[in-house]
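Worth saying up front: this structure is predicted, and the values here are computed from it rather than measured. All residue numbers in this chain count up from 1 along the given sequence.
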Amino acid sequence: KNKKIILSAGRLTHQKNYLYLIDEFFEFSKINDEFVLLILGDGEKKNELLKLIKKRRIEEKVFLLGHKKNIYSFIRNSSVFVLSSLWEEVGFVIVEAAFCNTLVISSNCPNGPKEFLDNGKRGILFNSNKKKALLNSLNHFSKMEKNQIFEYKKKLKKEAKKYTIFNHYTVLNKILKF
């Protein structure tokens, strides 16, 4: 209650880099107590993540909520969505965040997020797995004016429309009719 939500979602695997996310959030929470971190998903790293949360004594700030069939209510109620992956395609989860009008902070991992966020013009990018990079992005986000956040969201939502099934069908249809 009365806390702003930082959300992340995906399999609890090495690829998603949640150990890094939790460490960076731990540092962020030392100077900004108004946020909690929610992580949706299950996977083989769950116990390791729980140990890190306990070691950092942030059990009241970081919550592993398991797999959820419908994550839209979580996304809509979050202040920001964070993708901390080491590698990723565009990833439907950041497209879903865009459709839900939620700001995205993403690692600049190879293949997709950087292009989707237009090198940081539609969201906040940080250097993947670099110490304090995500921390600095979270600090930047927490100090942003509402109109700055609105501009990011507006551009991001417009881009997300290109990733709909209908748009893929339309583009593919044009290509096949050549």
Side-chain angles (χ1 to χ4, degrees), residues 3-66 71 74-75 78-98 102-145 148-149 151-153 155-156 159:
K3 297 281 185 177
K4 296 177 182 175
I5 297 170
I6 297 170
L7 180 70
S8 194
R11 297 174 329 278
L12 305 182
T13 63
H14 173 71
Q15 175 194 0
K16 302 301 182 182
N17 207 16
Y18 289 130
L19 291 171
Y20 171 77
L21 171 60
I22 292 168
D23 270 338
E24 293 286 290
F25 177 79
F26 169 68
E27 295 299 327
F28 175 70
S29 69
K30 288 179 181 178
I31 54 175
N32 196 324
D33 194 38
E34 64 180 316
F35 289 91
V36 294
L37 173 62
L38 305 182
I39 301 175
L40 307 178
D42 283 317
E44 68 266 11
K45 292 280 188 180
K46 183 176 182 177
N47 288 333
E48 193 175 348
L49 297 173
L50 288 169
K51 285 178 188 174
L52 178 60
I53 293 166
K54 187 173 183 166
K55 178 183 173 185
R56 297 283 191 233
R57 296 185 176 145
I58 50 176
E59 297 96 329
E60 299 299 318
K61 296 178 181 184
V62 179
F63 303 92
L64 303 182
L65 300 180
I71 67 170
F74 290 95
I75 295 173
S78 298
S79 298
V80 65
F81 184 88
V82 175
L83 183 85
S84 56
S85 297
L86 294 168
W87 68 90
E88 193 77 56
E89 293 299 323
V90 167
F92 283 111
V93 73
I94 61 174
V95 175
E96 292 165 337
T102 302
L103 182 68
V104 173
I105 297 175
S106 177
S107 65
N108 65 350
C109 63
N111 297 336
K114 188 158 96 172
E115 291 80 7
F116 185 69
L117 297 178
D118 192 19
N119 292 308
K121 294 177 187 165
R122 293 189 281 258
I124 301 171
L125 284 171
F126 64 91
N127 289 328
S128 184
N129 214 30
K130 183 178 177 192
K131 190 159 179 69
K132 294 190 179 184
L134 176 53
L135 170 62
N136 292 336
S137 293
L138 290 169
N139 282 328
H140 172 68
F141 158 71
S142 70
K143 295 173 185 165
M144 288 174 69
E145 299 290 330
Q148 290 175 295
I149 294 171
E151 286 302 314
Y152 273 132
K153 288 179 179 181
K155 292 174 187 173
L156 191 58
E159 179 68 9

K.L.:
Which heavy atom of G123 sits nearest a heavy atom of Y152, and at what distance?
P.N.:
N-CD2, 3.3 Å
K.L.:
Can a donor-acceptor pair be found, under 3.5 Å and without considering hydrogens, that links the side chain of E24 to the backbone of K131?
P.N.:
no
K.L.:
Are D33 and K61 side-chain neighbours, meaning at least one heavy-atom pair lies under 4.5 Å?
P.N.:
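Of all side-chain heavy-atom pairs linking K61 with D33, at least one is under 4.5 Å.
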K.L.:
What distance do L138 atom CG and F25 atom CZ have between them, rounded to the nearest 0.5 Å?
P.N.:
8.0 Å
K.L.:
More than 12 heavy atoms of other residues, nucleotides or ligands under 6.0 Å from CD of E34: yes or no?
P.N.:
yes
K.L.:
Does V62 form a side chain to side chain contact (heavy atoms under 4.5 Å, CB included) with L52? I'd like the steps, not just the answer.
P.N.:
CA-CA 10 Å; V62 179; L52 178 60; over 6 Å; no
K.L.:
Output yes when a side-chain donor or acceptor of Q148 lies under 3.5 Å from a complementary backbone atom of E145, and no otherwise.
P.N.:
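Judged by distance alone, yes, a pair lies under 3.5 Å.
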K.L.:
So does K55 have more than 12 non-hydrogen atoms from other groups sitting under 6.0 Å from NZ?
P.N.:
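No, the 6.0 Å shell around NZ holds no more than 12 heavy atoms from other groups.
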K.L.:
Taking all non-hydrogen atoms of both residues, which atom of I71 and which atom of A9 are closest, and how far apart?
P.N.:
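Residues I71 and A9, closest heavy atoms: CD1-CB, 4.3 Å.
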K.L.:
Let's go through I149 and F141 carefully: what are the C-alpha distance in whole Å and the side-chain angles of both, what is the deciding distance for side chain to side chain contact (heavy atoms under 4.5 Å, CB included) to 0.1 Å, and is it a yes or a no?
P.N.:
CA-CA 8 Å; I149 294 171; F141 158 71; 4.0 Å; yes
K.L.:
To the closest 0.5 Å, what do you measure between OG1 (T13) and CG (D42)?
P.N.:
11.5 Å
K.L.:
I'd like to check L40 versus L7 (side-chain heavy atoms, cut-off strictly below 4.5 Å). Are they in contact?
P.N.:
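In short, these two side chains touch, coming nearer than 4.5 Å.
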K.L.:
Given the rule in the side chain to side chain contact (heavy atoms under 4.5 Å, CB included) test, do I75 and E96 qualify, once you have shown the distances and angles that lead to the verdict?
P.N.:
CA-CA 8 Å; I75 295 173; E96 292 165 337; 4.0 Å; yes
K.L.:
Among N136, L135, L134, which residue satisfies the side chain to side chain contact (heavy atoms under 4.5 Å, CB included) criterion with F126?
P.N.:
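It is L134; the other options fail the test.
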K.L.:
Which value, rounded to the nearest 0.5 Å, describes the distance between D23 atom CG and N129 atom CG?
P.N.:
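Those atoms lie 10.0 Å apart.
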K.L.:
Of the non-hydrogen atoms in T102 and F81, which two are nearest, and what is the gap between them?
P.N.:
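Smallest heavy-atom distance, with atoms named: CG2-N, 3.7 Å.
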K.L.:
Which atom pair, heavy atoms only, marks the closest approach of S107 to P113?
P.N.:
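Closest approach of S107 to P113, heavy atoms only: O-CB, 3.8 Å.
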K.L.:
Measure the spacing between NZ of K45 and NE2 of H14 and express it to the nearest 0.5 Å.
P.N.:
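One gets 7.0 Å once the value is rounded to the nearest 0.5 Å.
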K.L.:
Please round to the nearest 0.5 Å and tell me the distance separating atom CG of L49 and atom OH of Y18.
P.N.:
9.0 Å
K.L.:
Should M144 and I124 be marked as a side chain to side chain contact (heavy atoms under 4.5 Å, CB included) after you check the CA-CA gap, both sets of side-chain angles, and the distance that decides it?
P.N.:
CA-CA 11 Å; M144 288 174 69; I124 301 171; 3.8 Å; yes
K.L.:
May I ask you to check whether over 12 heavy atoms, not counting those of E44, lie within 6.0 Å of atom CD?
P.N.:
yes
K.L.:
Between F74 and L65, what is the shortest heavy-atom contact and its length?
P.N.:
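Result for this residue pair: CE2-CD1, 3.7 Å.
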K.L.:
So, does E159 use its side chain to make a donor-acceptor pair with the main chain of L117 at under 3.5 Å?
P.N.:
no
K.L.:
Going by the rule side-chain contact (heavy atoms from CB on, under 4.5 Å), which residues pair with N108 if we only count those two or more places apart in sequence or in a different chain?
P.N.:
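N108 satisfies side-chain contact (heavy atoms from CB on, under 4.5 Å) with K114, L125, N127, S128 only.
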K.L.:
For the CG atom of N47 and the CG atom of L12, what is their distance to the nearest 0.5 Å?
P.N.:
10.0 Å
K.L.:
Can you check whether Y20 reaches L86 side chain to side chain, under 4.5 Å on heavy atoms?
P.N.:
no
K.L.:
State, to 0.1 Å, how close R122 and K155 come at their nearest heavy-atom pair, and which atoms those are.
P.N.:
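Nearest heavy atoms, R122 then K155: CD-O, 3.3 Å.
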K.L.:
Would you call I39 and I22 a side-chain contact if the rule is heavy atoms closer than 4.5 Å?
P.N.:
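Yes, their side chains come closer than 4.5 Å.
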K.L.:
Look only at the side chain of N32 and the backbone of F28, and say whether a donor-acceptor pair between them is shorter than 3.5 Å.
P.N.:
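No: the side chain of N32 does not pair with the backbone of F28.
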K.L.:
Are any side-chain N or O atoms of S84 and backbone N or O atoms of K16, one a donor and one an acceptor, separated by less than 3.5 Å?
P.N.:
yes
K.L.:
Can any side-chain N or O of S8 pair as donor or acceptor with the backbone N or O of V82 at less than 3.5 Å?
P.N.:
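Yes; judged by distance alone, with no hydrogens or angles, the pair exists.
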K.L.:
Closer than 4.0 angstrom, basic N to acidic O: yes or no for E27 and K30?
P.N.:
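Between K30 and E27 there is a salt bridge, with a charged N closer than 4.0 Å to a carboxylate O.
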